[in-house]
Amino acid sequence: MAAYSCALWTAASVVAFLVIGVAEARYGGPGQWRRPAPAPVVPVAALVSEQLYGSLFLHKDDDACPAKGFYTYASFIQAARTFPTFAATGDLSTRKREVAAFLAQISHETTGGWATAPDGQYAWGLCYKEEIKPASNYCDATDEQWPCYPGKSYHGRGPIQLSWNFNYGPAGQALGFDGLRNPELVANCSQTAFRTALWFWMTPRRPKPSCHEVMVGEYRPTPADAAANRTPGFGLVTNIVNGGLECNRTDDARVNNRIGFYQRYCHIFNVDAGPNLDCAHQQPY
């Protein structure tokens, strides 16, 4: 049923595109037409070609990876159309750094690598699409705005491992699907999976800034942020993603893994990683 929902959602998107395209192609009275304008270039596609994408995620389609065949380049680029300021804010170095940070975070969340893995542990991002053996159904029953639907689990799914009803609900609302009733769509529709990851990346949830704001220099620390030592940099992005479990502690292996991916991607993009890579001395939100 979830796979059908993905196909239905994709078909509806294609039909809408075609209808809009035909409507826009028509100009003036009957018989007067103009050629439709080409689709705008997705900013991230100018930085990450399909060939580069394949080299960043060397093993994502290996038989050993449960997400084999799921995280396609086409789905990533199509999903990015929903967020036109992603990888399009600031100078070239800033744009590259944001892409490196995003890819690093989703790589850690979905990694299948280990210390002695072929091609190194940082070549195994996008190996998983769903949390293995979740500890719970991630339902916050106290959240009245985004109530859990009976029998549904809100465990980690997709590139960012979207978790909890209070994330599935607003993500679905923003992206046009019922995240509370159909959370499985995030693990069954590749484009939806990438769109939820980009939604999480681009959307501030105050008092948290968005990851995008941090990486493009738009983050302005509040007095509470300053007191909590929440300094701008890749470490603050980790704090936004999973600070409650990983920040305000030294030499955390999960944080180090995120940094390892980030440094690899920054090297490939030929851009410096910037300051404040970890969140060891930051208070979580």
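Below, each value reflects all heavy atoms present in this structure, side chains not excepted, and no hydrogens, waters or symmetry copies. No experiment lies behind these values; they were computed from the predicted model shown.
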Less than 4.5 Å apart, any side-chain heavy atom of Thr94 and any of Thr89?
no
State whether Lys129 and Glu184 are salt-bridged, where the test is any N-O pair (Lys NZ or Arg NE/NH1/NH2 against Asp/Glu carboxylate O) under 4.0 Å.
no
Could you check whether Asp272 pairs with Arg97 (Lys NZ or Arg NE/NH1/NH2 to Asp/Glu carboxylate O, under 4.0 Å)?
yes
Test salt bridge (charged side-chain N to carboxylate O under 4.0 Å, His left out) applied to Lys68 and Asp63, step by step
CA-CA 7 Å; Lys68 177 182 178 181; Asp63 289 337; 2.4 Å; yes
Atom pair CZ/SG of Phe234 and Cys266 - distance to nearest 0.5 Å
8.0 Å
Does Glu213 form a salt bridge (charged side-chain N to carboxylate O under 4.0 Å, His left out) with Arg206? I'd like the steps, not just the answer.
CA-CA 12 Å; Glu213 288 173 336; Arg206 308 301 182 199; 3.0 Å; yes
Examine distances only and state if a side-chain atom of Ser210 and a backbone atom of Thr203 form a donor-acceptor pair shorter than 3.5 Å.
no
In the hydrophobic clustering that connects Ile, Leu, Val, Met, Phe, Trp and Tyr at side-chain heavy-atom distances below 4.5 Å, which members other than Ile132 occupy its cluster, ordered by chain and number?
Tyr128
A quick test of your reading: do over 12 heavy atoms of other residues, nucleotides or ligands sit less than 6.0 Å from CZ of Arg249?
yes
Could you go through His281 and Asn248, starting from their C-alpha distance and side-chain angles, then the distance that decides it, and tell me whether this counts as side chain to side chain donor-acceptor pair (under 3.5 Å)?
CA-CA 5 Å; His281 304 292; Asn248 196 32; 5.9 Å; no
Does atom OH (Tyr285) have a neighbourhood of more than 12 heavy atoms from anything else shown, all under 6.0 Å?
yes
Pi-cation contact, Phe269 with Lys96 (under 6.0 Å, within 45°):
no
Does Tyr168 use its side chain to pair, donor to acceptor, with the backbone of Leu162 at less than 3.5 Å?
yes
Run the ring-centre check on Tyr138 versus Trp164 and record whether the distance is less than 6.0 Å.
yes
Could you check whether any side-chain N or O of Asn239 sits under 3.5 Å from a backbone N or O of Leu236, counting only pairs where one atom can act as donor and the other as acceptor?
no
Ring centroid separation for Phe166 and Tyr154, is it under 6.0 angstrom?
no
Does the Glu98 side chain pair with the main chain of Phe86, one donor and one acceptor, at a distance under 3.5 Å?
no
Proximity of His59 and Trp124 rings by center, below 6.0 Å
yes
Between Asp62 (side chain only) and Cys65 (backbone N and O only), is there a donor and an acceptor less than 3.5 Å apart?
no
Is there a side chain to side chain donor-acceptor pair (under 3.5 Å) between Arg258 and Gln105? Walk through the geometry before answering.
CA-CA 6 Å; Arg258 295 178 195 272; Gln105 292 291 343; 2.6 Å; yes
